[in-house]
Amino acid sequence: MKVPLRVDEKASSQREYFEVWYDDDKHKTVKSPVYPYFYSKKPLEFRNSVRSETTAKALSDLQETLFYRHKFRTRKELVQARNDDTFEDNIPFVIRNRIDVPDFFYQFKQTELRFLFFDIEQETTNGIFPTYDDRITSIAWATNDRKVKSIYLNKDRLSDKTLIELFIEQYQKIKPHIIVVYNKDYDIPTLLRRCEKNNISTVKLSKTKKKPYFGGKEDYHIDGTVIYDVAQSAFKDQSLNGEVENRGLKEVSNHFGFKEKRAPLTPKQMNEYIGTKTLARYNMDDVRRLMLVFNVYWPNIEFNANDLGIPLNFAVEMNTSNLALITLGDEFKKQNIISDGSNAQRYPEIFQRKKKTGEKNYEGALVDIENTGTVRPCKKADYSSLYPTIMAEFNLSPDTTTLITYEKYRNKFEIAEHDDYFLYAVPDKEMKKTLIIKVLKKRGFAANLVKKNLDERSIYKQRYKKTGNLRDKALSSNRKVKANGGIYGIQGSAHHPFGFAPIAVTTTAIGREVMKILLSVIRDFYGNVIYDVDTDGVYFTCNPKEFNKNRIRTELAKRLEERFHKKVNLSIDFDEYKAGYFYKAKNYVLLTLDDKIIFHGNTMKSSSKNILSRELIFQLAKAKLFDKPTKPIVDQFISLDFPLKHFAMNVRMGKHLHQYKNDSILVKRLALIAKEELGLTPEQGNIYHYVKTNDGYQLYQLAKKEDIDRKYYLQQIDTILEVFNETPQQQSLEEWL
DNA sequence: GCTATCAGGCTACCT
DNA sequence: ACAGGTAGCCTGATAGCG
């Protein structure tokens with residue numbers, strides 16, 4: 001590595017420091033190269049602050065402007081001082097230092113990286129999912145040599161204390177820099193809480209005297225160690241969309257070619273096999289799967305850390321906002337631009353107007369379903385990197401794009417070309433206005449930056465296809481991420497200092513137009529064959545003999561050029577499926593060429609559904625796609641002859657308890673029952689399993705099979721039958737009952 | 001007093 | 001705190017009906 005393992009912000013009352021972890025477990029506290037600061041246009045006075053003057057272009061109008069720079073001793077003092085007249089006052093301090101002193105973190109190198117890949121298995125005593133009261137039954141791990149080891153609980157041993165102690169002994173020998181897990185929200189807290197329950201000090205896992213702790217911006221902190229959750233990378237990976245049935249370790253590792261020697265265990269088997277080699281082997285296989293998926297994503301993270309000059313812990317936790325601060329921050333510095341307010345402040349007509357509930361700041365993508373039902377074969381055409389490419393191709397950049405005025409809404413995107421600029425009339429149904437946007441022909445810096453990243457990306461992508469070199473793959477992914485989230489992504493953000501709303505509004509509007517053009521080509525070639533349309537892609541069907549990708553591409557390019565008065569470098573890719581079943585917008589099922597069924601949308605795959613519904617959906621979808629009869633399935637399900645577990649639905653507590661607007665919200669009621677009856681503290685992120693009984697809703701743990709509201713569940717089955725266009729059963733059934 | 005309908009609040013999902 | 005767009009479930013208010 002060219003950068004440190006991790007950097008943590010530390011402050012005294014007098015100034016800011018960084019605790020930097022680098023080389024072999026060395027850590028030292030260094031002064032931050034820059035002090036916390038923000039800007040203002042007015043000559044403000046603050047306590048504990050030093051003021052200086054500088055001229056720069058203001059982001060709002062690109063005019064040379066006098067700015068006052070206010071320097072503080074600590075972040076805390078800055079936070080206390082900032083107000084509506086201050087700018088660039090919410091940039092994370094490590095990122096601020098990285099933008100201002102790009103080489104700073106390169107001074108501290110973590111040359112060696114010791115990894116600990118690990119996975120734990122737990123007993124499940126409530127039949128649903130293990131809790132912190134359940135024993136750990138097996139721990140498997142590996143280090144840099146990738147040899148997998150395990151410790152598992154003896155059959156006749158009731159406590160997991162010795163097991164955990166043995167593992168921690170190994171841990172202390174390994175002294176890992178990076179802990180690699182799949183779902184850190186499970187493995188890390190489970191290990192820590194089981195330590196606590198067994199009176200084992202968790203300090204043993206730390207590189208200092210400080211105990212690992214929960215909370216803060218990275219959820220779980222262990223001093224001197226970086227936790228890398230491979231699942232987070234898998235969830236972010238858009239290239240898995242439509243390729244895997246879910247983002248669990250099994251599916252994802254199989255997708256990347258894990259060679260399965262043993263069938264995975266069911267939760268029931270995991271309980272039955274406690275104290276056997278079978279469970280330990282299963283556990284070890286999961287570590288092998290983990291390492292395989294790790295190999296796919298880790299190179300990108302290491303690459304990004306080195307490329308951006310940020311500590312590894314920041315690269316692991318990187319979000320769109322911070323990435324944009326770095327990529328655009330470097331460019332703003334070159335251009336001598338200072339942000340004089342967030343999008344919300346610079347464009348109050350867009351962000352601060354009175355909005356009804358559900359009304360958005362501006363109009364987004366084109367989404368539609370034109371036909372429903374089973375379709376065979378099924379094709380998809382989609383634009384690659386649609387929004388960033390539009391930004392690059394249409395030269396959308398803060399220094400070229402100006403919102404001239406608002407006009408009355410008319411549902412028509414119009415273009416007028418002038419000598420050195422284009423004028424676009426951009427309709428927006430959320431604002432109920434048409435925005436007149438002027439875009440200079442002189443190349444803009446942000447558009448160029450996107451273009452540079454997209455161009456490089458396609459070179460590396462081609463090269464990777466040819467050579468299979470993983471460095472090319474990492475480079476390709478790095479440039480895509482930079483273009484997508486790092487530059488385009490934040491343009492519509494209300495609070496990001498570098499967002500530029502006219503770019504976002506124009507980009508989505510052009511996106512809708514180019515999508516309409518693609519739809520027109522398909523319709524003109526093949527007729528009324530369009531099913532689902534979403535943002536940059538369209539599902540359709542056509543006679544295999546008439547399907548001609550190049551003909552579509554050629555016609556599309558021609559129509560794009562006519563419409564926009566210039567060559568537009570937007571390209572489309574194609575995907576092919578054996579069949580599809582389309583229900584509503586964003587809700588459909590696909591059958592891949594290798595007979596995998598892929599579910600899309602809330603109706604089809606919501607994790608909150610009960611096993612009963614999920615299983616019925618799966619079987620009906622299978623029957624539809626393989627053209628098999630559905631009657632036997634229906635007959636089986638309407639008996640409702642299933643264990644209680646199959647009726648349990650679940651809901652996640654998305655907010656803190658006090659944030660709920662009224663007491664009748666189901667998840668809040670369940671959380672309070674769980675607190676009262678089971679002593680479970682209501683916490684954001686908790687998942688509650690519940691069933692519908694004749695008296696209302698009840699926690700699964702407290703419900704009995706005979707209390708089940710049969711009518712409710714029969715209705716649930718009917719709803720699913722209607723989704724698949726099957727005749728509802730309930731009426732006849734009720735008569736029969 | 002019952003049922004149907006709708007808006008509001010929430011979660012989950014898609015691009 | 002990257003965004004907007006769609007769908008479904010539940011509750012409570014209200015309208016319509018007998």
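Residue numbering restarts at 1 for every chain, and letters A, B, ... go by the order of the sequence lines.
Stem regions annotated for DNA chain C: B:1-15 with C:3-17, counting only runs of 3 or more consecutive pairs of Watson-Crick or G-U type with both contacts under 3.5 Å.
Residue A:Arg512 is classed as having no contact, given no heavy-atom separation below 4.0 Å to the nucleic acid. When heavy atoms are screened at a 4.0 angstrom cut-off, A:Glu363 is found touching the sugar-phosphate backbone but no base atom. Note on A:Asn361: only backbone sugar-phosphate atoms sit closer than 4.0 angstrom, heavy atoms only; bases stay farther off. Backbone-only contact: A:Lys584 has heavy atoms under 4.0 Å from sugar-phosphate atoms and none from a base.
Close to B:dC13, at under 4.0 Å from its OP1 or OP2, lies no side-chain N or O of A:Tyr583. Taking side-chain N and O atoms only, A:Lys605 has a distance below 4.0 Å to OP1 or OP2 of B:dC14.
Among A:Tyr531, A:Phe582, A:Tyr581, the one residue that satisfies the ring-ring contact (aromatic ring centres under 6.0 Å, His included) test with A:Tyr539 is A:Phe582.
Salt bridge status for A:Glu576 with A:Lys379: present, with a side-chain N to carboxylate O gap under 4.0 Å. The existence of a salt bridge linking A:Asp307 and A:Lys482 is confirmed by a sub-4.0 Å separation between a basic side-chain nitrogen and an acidic carboxylate oxygen.
Along DNA chain C, read 5' to 3', the first and last nucleotides having any atom under 4.0 Å from a heavy atom of chain A are C:dA1 to C:dG12.
Within the cation-pi definition used here (under 6.0 Å to the ring centroid, within 45° of the axis), A:Lys433 qualifies as a partner of A:Tyr406.
More than 12 heavy-atom neighbours from other residues, nucleotides or ligands sit within 6.0 angstrom of CG on A:Asn662.
The aromatic ring centres of A:Tyr583 and A:Tyr588 sit 6.0 Å or more apart.
Of the possible polar contacts, one joining the A:Arg614 side chain to the A:Lys609 backbone as a donor-acceptor pair under 3.5 Å is found. Between the side chain of A:Arg553 and the main chain of A:Ile572, a donor-acceptor pair closer than 3.5 Å is present.
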Show the distances under 3.5 angstrom between N or O atoms of the protein and N or O atoms of nucleotides 3-10 of chain B.
from	atom 1	to	atom 2	distance (Å)
B:dC10	OP1	A:Lys661	N	2.9

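Along DNA chain C, the nucleotide nearest A:Ser493 and the nucleotide nearest A:Gly364 are compared for position; the residue whose nucleotide lies closer to the 5' end is A:Ser493.
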